[in-house]
Amino acid sequence: MNVAIVYDRVNKWGGAERVLLALHDIFPNAPLFTSVYDKKASSWAKKFEIKTSFLQNLPFSKSRHEYFPFLMPIAFESFDFDGYDLVISVTSEAAKGIITKPSTKHLCICLTPTRYLWSGYKEYFSNYFLRFLSIPFIWYLKKWDKIAAFRPDKFIAISNEVKMRIKKYYNQESSVIYPGIDIKNFAFKNSGKSDYFLVVSRISKFTSYKRVDLAIRAATKLNLPLVVVGQGNTKSLKKIAGKSVKFTGKVSDSELFDYYANCRALIFPGLEDFGLAMVEAQASGKPVIAYRGGGALEIVKEGITGEFFDDQNVESLVEVLKNFHEHDYNNHICRENAKRFSKENFEKNIKDFVSKL
């Protein structure tokens, strides 16, 4: 069976990229089609044979893809998938819009319906003037996005939250298959020095929905040690951070594992599609303090492997932090909970789904 994989863009590292690597383990000979490829920012992608679109040759396209949203539909419609039996698109934007012949099956693993068009529209276009100017482009992109959503033969959602959004925005049915992590990488090895809370997140103006600012403001208010792990522009966050907050920038995998293993708990303040960082923390035997919404509801077991705060504001998070005691949670139960989201389960479920398709 000839298989191809399609992804929106290859220029970062995060949860979606872990999904791609898991797919590579299942289909090692499958090439990866994408709009742009930044080799410096994506060392993980060396395993793939990568095929890029015409956008690869445009100035700034690899690092400033957000300047070209109106070209993304054309980029993905330009790919030729003749000769492939199965194409798997992994997408939160335009990759689902590829065009395939009836003889080629198209399976879409939807990370979320295009956020800046639907669930996150008000956040991305909070500036009224920018929102007004973008009306023609957004109208075109929304129309195309809905058409593109009817091109896959089947949808897989990465959580029930995403399943709901696919139905709401695309009027399409989907099956839930959770992403997975390699559990053995997160062996419990606490050194007994758990004195800080942890945030693990990408940081940019386009990921403000992750609400890292809430964790920083709450930790600063209570003077609690907080470590923020994540690559990006932290200038605005550092302005609101007190002396108890530390920013690490980009870290290696081994360093990340150590931060998980030695923290008091992971704070997860965003409304996420899924949230692999929560699974990684649980695999390290650590509880999670999360906003009550999105993928957190499917990962964290309240009172057993973590706690929720009900409102996305500083006061709500502060109340939970005041009453939090990490010794109330069993490290081994947290780790067992993470096994529901193992890489092995993901690969088995994908293989079973493909065989039925």
field: F150, CZ: over 12 other non-hydrogen atoms inside 6.0 angstrom
entry: yes

Residue pair E161 / E272: nearest heavy atoms and the distance that separates them: CG-O, 4.2 Å

- prompt: Stepwise, does the salt bridge (charged side-chain N to carboxylate O under 4.0 Å, His left out) test hold for D213 with R211?
  reply: CA-CA 5 Å; D213 62 298; R211 298 309 309 270; 2.9 Å; yes

- line: Heavy-atom nearest pair, V3 first then F27, reads CG2-CD2, 3.8 Å

- prompt: Is R115 close enough and on-axis enough to Y209, meaning under 6.0 Å and within 45°, for cation-pi?
  reply: yes

message: When you group the ILVMFWY residues by side-chain heavy-atom contacts below 4.5 Å and let the links chain together, are L21 and I350 in the same group?
response: yes

Distance under 6.0 Å and angle within 45° of ring axis: K51 vs F79: no

- prompt: With under 30° as parallel and over 60° as perpendicular, where do the rings of F137 and F70 fit, or are they tilted in between?
  reply: tilted

- request: If you link ILVMFWY side chains whenever their heavy atoms are less than 4.5 Å apart, which other residues fall into the same cluster as I304? By chain and number, please.
  value: I333

Pair up each side-chain donor or acceptor in residues 171-187 with any protein partner under 3.5 Å, not counting sequence neighbours, and list the distances.
| from | atom 1 | to | atom 2 | distance (Å) |
| --- | --- | --- | --- | --- |
| N171 | OD1 | K167 | NZ | 3.3 |
| Q172 | NE2 | A149 | O | 2.7 |
| E173 | OE2 | K167 | NZ | 2.8 |
| Y178 | OH | E298 | OE1 | 2.8 |
| D182 | OD1 | K184 | NZ | 2.9 |
| D182 | OD2 | K184 | NZ | 2.9 |

field: same_hphob_cluster(V6, I99) at 4.5 Å side-chain heavy-atom cutoff
entry: no

field: Distance-minimising heavy-atom pair for L266 and C263
entry: N-SG, 4.2 Å

field: More than 12 heavy atoms from other groups under 6.0 Å of NZ on K142
entry: yes

- request: Salt-bridge test for K348 and D352: reply yes if a basic N is under 4.0 Å from a carboxylate O, no otherwise.
  value: yes

field: Heavy atoms of other groups near K146 NZ, more than 12 under 6.0 Å
entry: no

